[in-house]
Amino acid sequence: MRYSGFRIIKEALTGHKGWEKAWRNPEPKPDYDFIVIGGGGHGLATAYYLAKEFGQSRIAVLEKGWIGGGNVGRNTTIVRSNYMLDGNEPFYEFSLKLWEGLEQDFNYNAMISQRGIINLYHSDPQRDAFTRRANAMLLNGADAELLNAAQLQKMCPFLDFDNARFPIKGGLLQRRGGTVRHDAVAWGYARGADLRGVDIIQNCEVTGFRITNGRVEGVETTRGYIGAKKIGCAVAGSSGRLMAGAGMRLPIESHVLQAFVSEGLKPVIPGVITFGAGHFYVSQSDKGGLVFGGDIDGYNTYAQRGNLPVVEDVCEGGMAIMPMIGRARLLRMWGGLMDMSMDGSPIIDKTPVDGLFFNGGWCYGGFKATPASGWCFAHLLATDKPHETATAYRFDRFEKGLMIDEKGVGAQPNLH
Amino acid sequence: MIINHPLLGPRDAQEFTYLGDASLINRPDWTADDAGHQFYEYQYLRDNPAGEHRELWFHEQGDRSWLVVTRDTRTHIITNVELAPEFARKAGRSK
Ligand SMILES: Cc1cc2nc3c(=O)[nH]c(=O)nc-3n(C[C@H](O)[C@H](O)[C@H](O)COP(=O)(O)OP(=O)(O)OC[C@H]3O[C@@H](n4cnc5c(N)ncnc54)[C@H](O)[C@@H]3O)c2cc1C
């Protein structure tokens, strides 16, 4: 069934009896051509593009819980392509372009809202660094504008420009950045994949791999053994745990990132704003809640909850740039598992096991990457070759010294 | 989280900074033939277990000692805390 304005009117007049389930709930088959492990944004997008762009069939997505229950439904929904390094920026710009056409492509309202993202700067050297980043963005076909304090004041009069410790001198604006309804991304890709014959199998945890003579033959799951010619792993924060089953140690640690939502307010914040002297970012959802977050907690964890010191740190960051936020009450907070890599950049690559492929290391920034990650992973699975925008996302970059370290902090995952 | 410091008693985890897996104590032999590969594994690869994890914490806002903390990464429950030098000596290191 295609969704459209006409359809809504028709259903409204006929008592909404014609809506069908958005995807089936099939039993697993004994074997597939492709298994994608993980029904998060990346896994579902991978299956969708495998079927739609690469003409593949006999595909299943295996999800241990329910689709959208992982980070794709826990993130703060920011999309942008304001990276600087060569290995990253073309990929994230490819992703942003895919976001721009996504709703038409998968016929689902994902509430993509290009309301702009502003990274604040607080000193002259930081302005120079942002100028350099803006130039790198422009060279890669992205949009970027440098705002001075007067220009910024027009857009965001509520900022604490004269803060004694971190005065706000301006910002790097990417107008095409913004926010997307995160659950709808999972649902839209799931529906699109299902319509093209992909089996989305929920409550099916992969517990191990069957590997013979260095080649993967299938997966052991809580719903029995399932065979496959090629298997792609996209389980984000659970990467270390899953890949240990294939005898791999990864350049990844699992950490927790928390997010916060205030009570609903009238529109006060125009786009996404990030603090340049600490870790704090905020946007306002369409329902009016201020959605904000900051640093990861900083220690290895698989518990999807954080601790109070980071809550305090995030709130201090908010107070430092917009004291008005102190008047809003916090409604909800939660945490999600981050696959923090050793250089802060992701991996989309083959593994030493034939037929087994890996997608992970997204850190706290993988939501914006969802369309391109799915596309590039599908490309790798279907053709055995990396997509042109993802050639740098290899495992061996760590041993070869080809790290993509945007922050320049080295092999310390909790600092990325 | 509260870390029960062997010398100072229970301290708030906020006083500490976190480095990572305690295997970082075991620096490879730089004279080995495959030292390059060993240092790559040492520096970049992690077990990253869901369960018991031995990890290095630095008491930065306190007595500046390094601790080896044994903590469950699924529950955050800490079951053991040792001074890192003692832990290393037990594992056969001279200092
Ligand atoms: C609080 C928070 C805020 C964030 N904010 C942003 C942001 O503003 N912008 C941005 O770009 N990114 C953000 N991120 C990061 C982003 O959400 C993630 O990088 C991204 O969602 C990860 O990819 P995914 O959607 O495929 O992951 P997930 O949705 O976590 O998917 C992985 C799935 O694998 C399943 N799984 C795990 N193990 C198994 C197994 N053994 N068998 C079967 N299935 C398994 C899990 O149940 C899960 O559903 C944020 C993350 C968090 C937690």
Side-chain angles (χ1 to χ4, degrees), chain A residues 205 207 235 237-245 247-256 295-313 335 337-343 347 352 360-361 395-403 405 410-416, chain B residues 1-4 10-28 32-62 66-81:
Chain A
E205 178 171 0
T207 53
V235 297
S238 303
S239 295
R241 216 174 184 177
L242 181 70
M243 300 316 282
M248 289 180 71
R249 291 171 80 220
L250 304 177
I252 287 176
E253 285 178 2
S254 296
H255 286 257
V256 63
D295 263 329
I296 56 174
D297 272 44
Y299 42 81
N300 285 50
T301 178
Y302 282 86
Q304 283 177 317
R305 60 182 167 78
N307 275 299
L308 291 171
V310 167
V311 180
E312 188 178 11
D313 186 64
L337 290 190
M338 309 281 78
D339 35 343
M340 299 300 298
S341 71
M342 287 288 162
D343 61 357
I347 295 158
F395 273 116
D396 66 2
R397 71 173 185 264
F398 299 97
E399 187 156 16
K400 291 188 168 156
L402 302 172
M403 271 65 79
D405 190 344
Q412 190 59 42
N414 61 357
L415 297 182
H416 284 292
Chain B
M1 287 188 293
I2 304 284
I3 295 177
N4 195 5
R11 310 297 311 179
D12 193 313
Q14 223 181 335
E15 296 175 3
F16 296 78
T17 51
Y18 178 82
L19 184 68
D21 195 312
S23 67
L24 289 168
I25 290 178
N26 310 323
R27 245 172 193 284
D33 285 343
D34 63 343
H37 185 71
Q38 283 192 39
F39 268 98
Y40 151 70
E41 294 196 336
Y42 165 83
Q43 176 82 333
Y44 294 108
L45 301 187
R46 298 287 183 271
D47 289 340
N48 193 23
E52 192 172 90
H53 190 229
R54 282 218 193 92
E55 52 202 25
L56 285 162
W57 291 76
F58 177 53
H59 200 193
E60 189 169 29
Q61 316 281 334
W66 281 96
L67 305 182
V68 174
V69 174
T70 308
R71 192 177 54 95
D72 192 313
T73 58
R74 294 164 305 182
T75 59
H76 299 165
I77 291 173
I78 294 170
T79 47
N80 193 35
V81 184

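Every heavy atom of this structure was used, including side-chain atoms; hydrogens, water molecules and symmetry mates were not. Residue numbers start from 1 in every chain, and the chains themselves are labelled A, B, ... in the order their sequence lines are given, proteins ahead of strands.
- Residue B:E52 places its CD atom among 12 or fewer non-hydrogen atoms of other residues, nucleotides or ligands, all under 6.0 Å distant.
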Atom pairs and distances, donor-acceptor, side-chain atoms in residues 16-23 of chain B, under 3.5 Å, two or more places apart:
| from | atom 1 | to | atom 2 | distance (Å) |
| --- | --- | --- | --- | --- |
| B:Y18 | OH | A:N300 | N | 3.4 |
| B:Y18 | OH | A:N300 | OD1 | 2.7 |
| B:Y18 | OH | B:E55 | OE1 | 3.4 |
| B:D21 | OD1 | B:S23 | N | 2.8 |
| B:D21 | OD1 | B:S23 | OG | 3.3 |

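- More than 12 heavy-atom neighbours from other residues, nucleotides or ligands sit within 6.0 angstrom of CG on A:D396.
- Residues A:M342 and B:R46 are in side-chain contact: their nearest non-hydrogen atoms beyond the backbone lie under 4.5 Å apart.
- In this structure, A:R241 places its CZ atom where more than 12 heavy-atom neighbours from other residues, nucleotides or ligands lie under 6.0 Å away.
- With a 4.5 Å cut-off on side-chain heavy atoms, A:Y299 and B:H53 do not count as touching.
- Residue A:I252 touches chain B through both its backbone and its side chain, counting heavy-atom pairs closer than 4.5 Å.
- In this structure, the side chains of A:M403 and B:Y44 come closer than 4.5 Å at one or more pairs of heavy atoms.
- A distance of 11.5 Å separates CD of A:E253 from CG of B:L45, quoted to the nearest 0.5 Å.
- Residue B:H76 holds its NE2 atom at 6.5 Å from CG of A:N307, rounded to the nearest 0.5 Å.
- Contacts with chain B were tallied for A:Q412, A:E312, A:R249, A:Q304; A:R249 has the most, counting heavy-atom pairs under 4.5 Å.
- With contacts defined as side-chain heavy-atom distances shorter than 4.5 Å, the pair B:N48/A:Y302 qualifies.
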